[in-house]
Amino acid sequence: LFRSCLLQEYTEQRLNVAFMESKRMKVEKMSKNSNFSEVALAGLASKENFSNVSLRSVNLMEQSSNNSAVPYKKLMLIQIKGRRHVQSRLVEPRASSLNSGDCFLLLTPQYCFLWVGEFANVIEKAKATELATLIQTKRELGCRASYVQTIEEGINTHTHAAKEFWKLLSGQTDYQGAGDRKS
């Protein structure tokens, strides 16, 4: 009895190996006669059952909200900071997220604002400008702005662009100075 179970198990495993090998050989043969990569052909050859997959429908109201089905939000604030290694990260889009020692990009479908903190270093300013220009010209992250609007802290804070910037951040409130720590 023990030998027959062992033999049956061994045969099943071998049959599976033979099946997989024949499948591999078919894909290899097809790839020689095709412009597709082996990975693409393997994907085409696979038989997946998607009958149990249910997709959620997105109504028009959800699409226009900030929690849309698109991979980005309608209002985003990106912090650009660092000396040797400049980092950018998404922060909460509100005035209290700002600080005078860094640069920030505020992105909407219509606007691309570059806010430059009074004590931001030259490298941060250059990288922030580069990133803002890239997002605006390539129309990345859902931003369709026709140009980048730069707001320098303490210099052009009473322009129409600055007023729109603060309006989008729910009003001009207190924010951190350079080097201040959040508690």
Side-chain angles (χ1 to χ4, degrees), residues 35-37 39-40 42-43 48 50 53-183:
N35 292 335
F36 294 120
S37 71
V39 176
E48 297 293 328
F50 292 105
V53 174
S54 60
L55 301 174
R56 74 176 178 97
S57 61
V58 179
N59 62 32
L60 237 53
M61 193 64 167
E62 260 185 295
Q63 286 178 340
S64 61
S65 77
N66 210 24
N67 298 323
S68 173
V70 294
Y72 43 80
K73 296 184 177 208
K74 300 250 185 240
L75 180 65
M76 291 181 288
L77 184 63
I78 301 171
Q79 179 183 26
I80 294 94
K81 66 179 291 162
R83 294 193 185 286
R84 287 192 190 119
H85 302 289
V86 179
Q87 299 175 348
S88 58
R89 67 177 172 195
L90 204 57
V91 294
E92 194 65 37
R94 59 178 183 230
S96 61
S97 297
L98 300 175
N99 75 67
S100 299
D102 298 323
C103 295
F104 293 82
L105 289 178
L106 182 64
L107 304 173
T108 73
Q110 299 85 20
Y111 298 108
C112 180
F113 290 106
L114 168 57
W115 189 84
V116 181
E118 184 180 0
F119 302 107
N121 67 49
V122 176
I123 297 165
E124 289 168 339
K125 291 176 187 177
K127 284 294 180 185
T129 302
E130 183 183 332
L131 185 58
T133 304
L134 178 108
I135 289 169
Q136 185 270 321
T137 55
K138 301 279 187 192
R139 298 178 165 253
E140 293 288 344
L141 301 174
C143 182
R144 303 285 181 254
S146 52
Y147 57 94
V148 176
Q149 299 182 64
T150 303
I151 302 163
E152 295 183 67
E153 182 184 18
I155 297 175
N156 58 345
T157 54
H158 300 291
T159 62
H160 175 71
K163 287 176 184 160
E164 187 63 34
F165 174 84
W166 291 114
K167 183 176 147 190
L168 288 166
L169 290 178
S170 302
Q172 186 171 359
T173 58
D174 288 338
Y175 53 88
Q176 301 172 68
D180 291 352
R181 298 273 180 223
K182 281 187 179 177
S183 47

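Note: hydrogens, waters and symmetry copies are ignored here, and every other heavy atom, side chains too, is used.
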All salt bridge (charged side-chain N to carboxylate O under 4.0 Å, His left out) counterparts of Glu130, not counting sequence neighbours: Lys127
Hey, could you give me the [atom1]/[atom2] distance between [X] and [Y], rounded to the nearest 0.5 Å?
{"X": "Ile151", "Y": "Leu106", "atom1": "CD1", "atom2": "CG", "value": "8.0 Å"}
{"X": "Asp102", "Y": "Trp115", "atom1": "CG", "atom2": "CH2", "value": "8.5 Å"}
{"X": "Leu114", "Y": "Leu131", "atom1": "CG", "atom2": "CG", "value": "9.0 Å"}
{"X": "Lys138", "Y": "Cys143", "atom1": "NZ", "atom2": "SG", "value": "14.5 Å"}
{"X": "Phe113", "Y": "Leu168", "atom1": "CZ", "atom2": "CG", "value": "6.0 Å"}
{"X": "Ser88", "Y": "Glu124", "atom1": "OG", "atom2": "CD", "value": "11.5 Å"}

Residue pair Arg94, Ser170: steps toward the side-chain contact (heavy atoms from CB on, under 4.5 Å) verdict: CA-CA 7 Å; Arg94 59 178 183 230; Ser170 302; over 6 Å; no
Mind checking whether [X] and [Y] have side chains closer than 4.5 Å, heavy atoms only?
{"X": "Phe104", "Y": "Ile80", "value": "no"}
{"X": "Met76", "Y": "Pro93", "value": "no"}
{"X": "Pro109", "Y": "Lys74", "value": "yes"}
{"X": "Gln110", "Y": "Arg144", "value": "no"}
{"X": "Thr150", "Y": "Val116", "value": "yes"}
{"X": "Ile78", "Y": "Leu141", "value": "yes"}
{"X": "Leu107", "Y": "Glu140", "value": "no"}
{"X": "Ser97", "Y": "Gln79", "value": "no"}

Where Ala145 and Gln136 come nearest, the two heavy atoms and their spacing: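 Closest approach of Ala145 to Gln136: O-NE2, 3.0 Å.
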Asn121 to Gly82 - nearest heavy-atom pair and separation: ND2-O, 3.2 Å
Candidate pair Leu98 and Leu169, rule side-chain contact (heavy atoms from CB on, under 4.5 Å), full reasoning: CA-CA 10 Å; Leu98 300 175; Leu169 290 178; 4.1 Å; yes
Whether Glu153 side chain and Glu118 backbone form a donor-acceptor pair below 3.5 Å: yes
Results of side-chain hydrogen bond (donor to acceptor under 3.5 Å, both in side chains) for Gln149 - residues two or more places apart only: none
side-chain hydrogen bond (donor to acceptor under 3.5 Å, both in side chains) involving Arg83 - partner list, sequence neighbours excluded: none
